[in-house]
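Letters go in sequence order (proteins before strands), and every chain restarts at 1.
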There are 2 protein chains.
Amino acid sequence: MVSAEKPAASSGARRGSPGEGLPPTTLVLPGDEPTAAALIAAAVEVMAVHGYHGTSVRDIAAAAGTSPAILYHHFTSKQGLLATMLDRGLDVLIAATEEALDLAGEDPADRLRAVVGAHVRVHLESQRESLLGNSELRSLEPGARALVVAKRDVQQRIFDRVVRDGVRRGVFGADQPDDAARFVSTACTAVAAWYRPGGRLGPDEIVARYEEIALDAVRYGR
Amino acid sequence: MVSAEKPAASSGARRGSPGEGLPPTTLVLPGDEPTAAALIAAAVEVMAVHGYHGTSVRDIAAAAGTSPAILYHHFTSKQGLLATMLDRGLDVLIAATEEALDLAGEDPADRLRAVVGAHVRVHLESQRESLLGNSELRSLEPGARALVVAKRDVQQRIFDRVVRDGVRRGVFGADQPDDAARFVSTACTAVAAWYRPGGRLGPDEIVARYEEIALDAVRYGR
DNA sequence: CCTACCGATCGGTAGG
DNA sequence: CCTACCGATCGGTAGG
């Protein structure tokens, strides 16, 4: 994976020269090689503020410390970048949730705590990316959107299955398991909309409280 | 409310001529007077699909069956239209919620059902406008955004107060009333994101089920 | 003769 | 309240 093409330091140093229109909070240090991952990270930051259509490819490139031309080397289009961003974000969310479930054992309450905890934690730790995943689905062209929506449905079905299992075993008393699962998952998703780092509650406290409220919402032990 | 300004039929006929790029679902019939309200309604429709930055003033004007110039007669800017749209949407939401509370009496469970029912119903009946209220807050300039955020806080405090009252009276068993109130209100807001008219559940059923799940989430009767 | 990029600019369209 | 435009900037691509 080592490339001997050309030292990138000179190019980076040129771009980093002061007095230019670049914002001071460039996300890639001078000398770094601009990768697809760095471009996605930069796009997350700027799109979270102005949205997909409110962000130009030049905004994204500038935030990554590079040029639009490099963006078009790594992605077919601005659309392609958005599609990759949202698709990978959901892969991370689903993987984290399934991993938590694998570790949770058989107890339905532990399993609901696992999926709620994983879902909330991802939405707190990748807050901006999560916000974009919810607000910019409409900006995806139909093909890519269908793919992302399908992955969102996969995550919802994980919640559905955990709640249904708990009801079937008589541990949860929810009258309408799927509605309760939707109620819970959407409340967990919404933490990305109101959470502010440094606020009243930290991520661990939010996770712990949401796990217990979720158990109440499915009538755990009733 | 009758305006004698000018018969709009000829203009409407011109715009409605076939073979043009106009979508067939123009929201204002030829002959209607384009008002600020009609422009907002048209903007809600097109912005709900493409977002604020993805929608041009020409898109809005065309959906309202009028011209960009008329839009700038009724609003100072595209920003001004968005600010008016979101501000009035929250006024409607808060008014509906307070009216429901007034009718609810003293029982904490009835009061929670009232605010949940009103909040959910508004988000179902004004689905697109509600979606924009959540996704396009970031597109508002700081002054207007602060005003809208303050009104959103007013709505959240209504939920907070109802849950706290229920806990104080010993009717709700929530350990963390404000967190439960946030959990519930955000789940109710999210109905605008997943509801599809003609789907499994109608508005009345969703309202009824969400009222009961909300009561579970605050540990009603425990 | 390829890739990975550069500075510059394309054809159209944005808000006003 | 329309036609005709503006300054600028859009997403994307040219030659080298």
Please report the C-alpha distance between B/R111 and B/L101 in whole Å, then the side-chain angles of each, then the deciding distance to 0.1 Å, and finally whether the side chain to side chain contact (heavy atoms under 4.5 Å, CB included) criterion is met. CA-CA 6 Å; B/R111 292 178 72 76; B/L101 260 187; 3.7 Å; yes
Evaluate salt bridge (charged side-chain N to carboxylate O under 4.0 Å, His left out) for A/D178 paired with A/R164, printing each intermediate quantity in order. CA-CA 7 Å; A/D178 287 359; A/R164 287 179 182 181; 2.6 Å; yes
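Between A/H73 and the phosphate of C/dA4, there is a side-chain N or O to OP1/OP2 separation shorter than 4.0 Å. When the side-chain nitrogen and oxygen atoms of B/S67 are compared with OP1 and OP2 of D/dC2, one or more of them lie within a distance under 4.0 Å. Using a 4.0 Å cut-off, some side-chain N or O of A/S56 falls inside it from OP1 or OP2 of D/dC10.
What you find for A/A42 and A/I60 is that their closest heavy atoms are CB-O, 3.8 Å. Scanning both residues, B/T97 and B/H119, for their nearest heavy atoms gives OG1-N, 4.5 Å.
Using cut-offs of 30° and 60° on the angle between ring planes, the pair B/Y210 and A/F183 is tilted.
Of all nucleotides listed (D/dC2, C/dC6, D/dG11), C/dC6 comes nearest to the side chain of A/I70. When distances run from any side-chain atom of A/Y72 to the nucleotides D/dC2, D/dT13, C/dG15, the shortest one goes to D/dT13. Here the nucleotide nearest the side chain of B/A69, chosen from D/dG11, D/dC2, C/dC5, is D/dC2. Relative to the side chain of A/V57, the nucleotides C/dC5, D/dG12, C/dG15 differ in distance, and D/dG12 lies closest.
When the C1' atom of D/dG12 is taken as reference, atom CG of A/L71 falls 10 Å away, rounded to whole Å. Here the P atom of nucleotide D/dG11 and the CG atom of A/L81 are 12 Å apart, to the nearest Å. A straight line from NE2 of A/H74 to P of D/dG12 spans 16 Å, rounded to a whole angstrom. Rounded to whole Å, the distance from CZ on A/R58 to C1' on C/dA8 is 10 Å.
The gap from the C1' atom of D/dA4 to that of C/dG16 amounts to 13 Å, rounded to the nearest Å.
We find that B/K78 and B/E136 are not joined by a salt bridge, their nearest charged nitrogen and carboxylate oxygen being 4.0 Å or further apart.
Among the atoms of the strands shown, only primed sugar atoms or phosphate atoms (P, OP1, OP2) are found under 4.0 Å from some heavy atom of A/T55.
Counting only Watson-Crick and G-U wobble pairs whose two distances sit under 3.5 Å, DNA chain D takes part in no stem of three or more pairs.
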Validation: residues 195-203 of chain A side-chain donor-acceptor distances under 3.5 Å, sequence neighbours left out:
from: A/R200; atom 1: NH2; to: B/D179; atom 2: OD1; distance (Å): 3.0

